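Note that this is a predicted model, so its numbers are computed, not measured.
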Number of protein chains: 2
Amino acid sequence: MPRIGLDLPTLIQAAAELADAQGLEAVTLASVAQKLRIRSPSLYNHVNGLPDLRRHLALKGLDLLTAELNGAAQGQTGDAAVYALANAYLAFARKHPGLYEAIQRAPDGGDELLAAKSGELVGRIVGALSEYGLKGDAALHAVRVFRSMLHGFVSLERQGGFGLPLGLDATFQMMIEIFLTGIRKL
Amino acid sequence: MPRIGLDLPTLIQAAAELADAQGLEAVTLASVAQKLRIRSPSLYNHVNGLPDLRRHLALKGLDLLTAELNGAAQGQTGDAAVYALANAYLAFARKHPGLYEAIQRAPDGGDELLAAKSGELVGRIVGALSEYGLKGDAALHAVRVFRSMLHGFVSLERQGGFGLPLGLDATFQMMIEIFLTGIRKL
DNA sequence: ATGATGAAACTAATGATATTAGTTTTGGAG
DNA sequence: CTCCAAAACTAATATCATTAGTTTCATCAT
């Protein structure tokens with residue numbers, strides 16, 4: 001039994017790589033343990049079972065995504081900020097499909113940390129849309145619509161729901177355009 | 001061994017009820033067999049394993065959804081048709097969350113029947129948007145954007161991604177409005 | 001140096017699942 | 001009434017998560 005020196009970040013990193021390469025379904029305690037050259041019960045020294053491992057993946061995904069969005073929106077304002085945010089969101093989902101899926105499938109009921117990180121991400125979007133003079137409920141609705149569009153596109157694209165992948169980037173840009181045109185009319 | 005007289009439609013119906021009540025994850029051969037008071041290996045007389053069962057759920061979901069959309073769009077034209085389609089889509093996803101999930105998670109690679117039914121559904125949407133004078137690629141993009149919005153909203157709503165469920169219907173209506181405003185400007 | 005301690009690995013065992021193989025029963029066609 | 005194929009069954013295997021209990025070793029206090 002050589003002492004490997006495994007720690008939580010290394011474990012989550014291995015799981016994240018598996019998720020991004022083969023999908024979240026492929027992340028089992030058995031597969032992660034095999035990748036780390038360890039027996040699966042040993043993982044319980046770092047993580048509280050499969051649900052907890054998935055939760056950590058979601059947390060890592062939220063951290064990464066938030067960081068990407070923050071970086072992309074740096075110094076941008078108005079339409080440029082919205083486009084930057086949207087494109088960074090799409091880029092993240094394409095680069096980290098497994099982590100993206102982990103974010104979506106995380107049950108946020110009662111999980112304070114998860115809710116906080118999730119709220120931080122939404123806050124970034126709220127900020128970008130705050131310049132459009134939307135008042136009260138309209139602002140809330142606009143943020144929800146924006147998120148729906150982004151997530152719907154990413155989700156359909158990943159699942160191959162669009163058929164031929166031709167012109168997907170153009171579709172995405174047009175979607176943002178439609179959104180901006182729409183909310184200016186409100 | 002009393003002969004139960006189980007057939008494929010009954011089996012799929014039982015699985016669909018389980019899916020809608022407890023989520024697609026809860027649909028296992030074991031759980032379906034228990035609901036039918038049968039041993040799980042017996043299911044192989046009707047279905048070719050769990051993946052095949054999931055496929056049948058997706059097919060049933062597509063049939064139901066397409067029927068709902070067809071009914072809702074009957075005789076409607078223009079904006080009314082788009083609203084009717086969107087609302088029927090949302091209503092279906094709320095009423096049949098398990099079947100909706102089954103549709104999304106179905107791998108359509110190489111499955112002709114699945115692809116055909118999927119195409120039929122998309123065709124219904126194409127029809128509703130054909131009156132807006134979109135030419136060539138623009139029409140393709142518009143359909144994709146519409147589907148992204150619908151799916152994104154439904155998906156986030158189901159997962160609780162919007163936080164408080166307050167005003168979700170208003171958000172949805174505004175989303176359609178934004179879409180229609182946007183594509184008229186093209 | 002050395003020895004105790006606790007963390008981190010292990011083995012063993014249990015229970016759920018899907019799946020395959022082979023067996024039994026029975027409803028219905030001839 | 002007989003036979004047969006379909007539809008149920010039992011038995012067995014493999015994979016997975018999880019729990020319990022065991023061993024080892026790195027580190028820190030002596």
### Query
Salt bridge between E68(A) and K95(A), side-chain N to carboxylate O under 4.0 Å?
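Judged by the 4.0 Å cut-off on N to carboxylate O distance, E68(A) and K95(A) do not form a salt bridge.
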
### Query
Between E25(A) and R105(B), does at least one N-O distance fall below 4.0 Å, as a salt bridge requires?
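Result for this pair is yes, salt bridge flagged.
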
In whole Å, what is the span from the [atom1] atom of [X] to the [atom2] atom of [N]?
{"X": "L11(A)", "N": "dA8(C)", "atom1": "CG", "atom2": "P", "answer": "11 Å"}
{"X": "L53(B)", "N": "dA18(C)", "atom1": "CG", "atom2": "P", "answer": "9 Å"}
{"X": "Q34(B)", "N": "dA18(C)", "atom1": "CD", "atom2": "P", "answer": "12 Å"}
{"X": "L43(B)", "N": "dT20(C)", "atom1": "CG", "atom2": "C1'", "answer": "14 Å"}
{"X": "L6(A)", "N": "dA26(D)", "atom1": "CG", "atom2": "C1'", "answer": "16 Å"}
{"X": "I38(B)", "N": "dA6(D)", "atom1": "CD1", "atom2": "P", "answer": "17 Å"}
{"X": "N45(A)", "N": "dT22(D)", "atom1": "CG", "atom2": "P", "answer": "16 Å"}

### Query
Looking just at side-chain N and O atoms, do E177(A) and Q173(A) make a donor-acceptor pair shorter than 3.5 Å?
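Result is no, nothing qualifies.
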
### Task
Using only heavy-atom distances, determine whether the side chains of D79(A) and Y132(A) contain a donor-acceptor pair under 3.5 Å.
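Note: D79(A) and Y132(A) side chains meet the donor-acceptor criterion.
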
### Inter-residue atom distance S148(A).OG - M175(B).CE, 0.5 Å rounding
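The CE atom of M175(B) is 5.5 Å from OG of S148(A), to the nearest 0.5 Å.
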
### Message
Measuring from the side chain of H46(B) (C-beta onward, heavy atoms only), which nucleotide among dA9(C), dA8(D), dT19(D) has the closest atom?
### Response
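Nearest to the side-chain atoms of H46(B), counting from C-beta on, is dA8(D).
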
### Message
Looking only at the side chain of R39(B) (C-beta and beyond, no hydrogens), which of the listed nucleotides dT10(D), dT19(D), dA9(C) gets closest?
### Response
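Among the listed nucleotides, the one closest to the side chain of R39(B) is dT10(D).
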
Donor-acceptor contact below 3.5 Å, side chain [X] vs main chain [Y]:
{"X": "S40(B)", "Y": "L29(B)", "result": "no"}
{"X": "R147(A)", "Y": "G161(B)", "result": "yes"}
{"X": "E131(B)", "Y": "G78(B)", "result": "yes"}
{"X": "T66(B)", "Y": "L62(B)", "result": "yes"}

Set out, line by line, the N/O atom pairs under 3.5 Å between protein and nucleotides 13-17 of chain D.
{"unit_1": "dA17(D)", "atom_1": "OP1", "unit_2": "L29(A)", "atom_2": "N", "d": "2.8"}
{"unit_1": "dA17(D)", "atom_1": "OP2", "unit_2": "L29(A)", "atom_2": "N", "d": "3.1"}
{"unit_1": "dA17(D)", "atom_1": "OP2", "unit_2": "A30(A)", "atom_2": "N", "d": "2.8"}

### Query
At under 4.0 Å, does any side-chain N or O of S42(A) touch on OP1 or OP2 of dA8(C)?
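Answer no for this pair, as no side-chain N or O of S42(A) is under 4.0 Å from OP1 or OP2.
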
### Query
End-to-end bend of the helix from dA1(C)-dT30(D) to dG30(C)-dC1(D) (five-pair axes, 10° rounding)?
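The end axes of the helix from dA1(C)-dT30(D) to dG30(C)-dC1(D) are about 0° apart, to the nearest 10°.
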
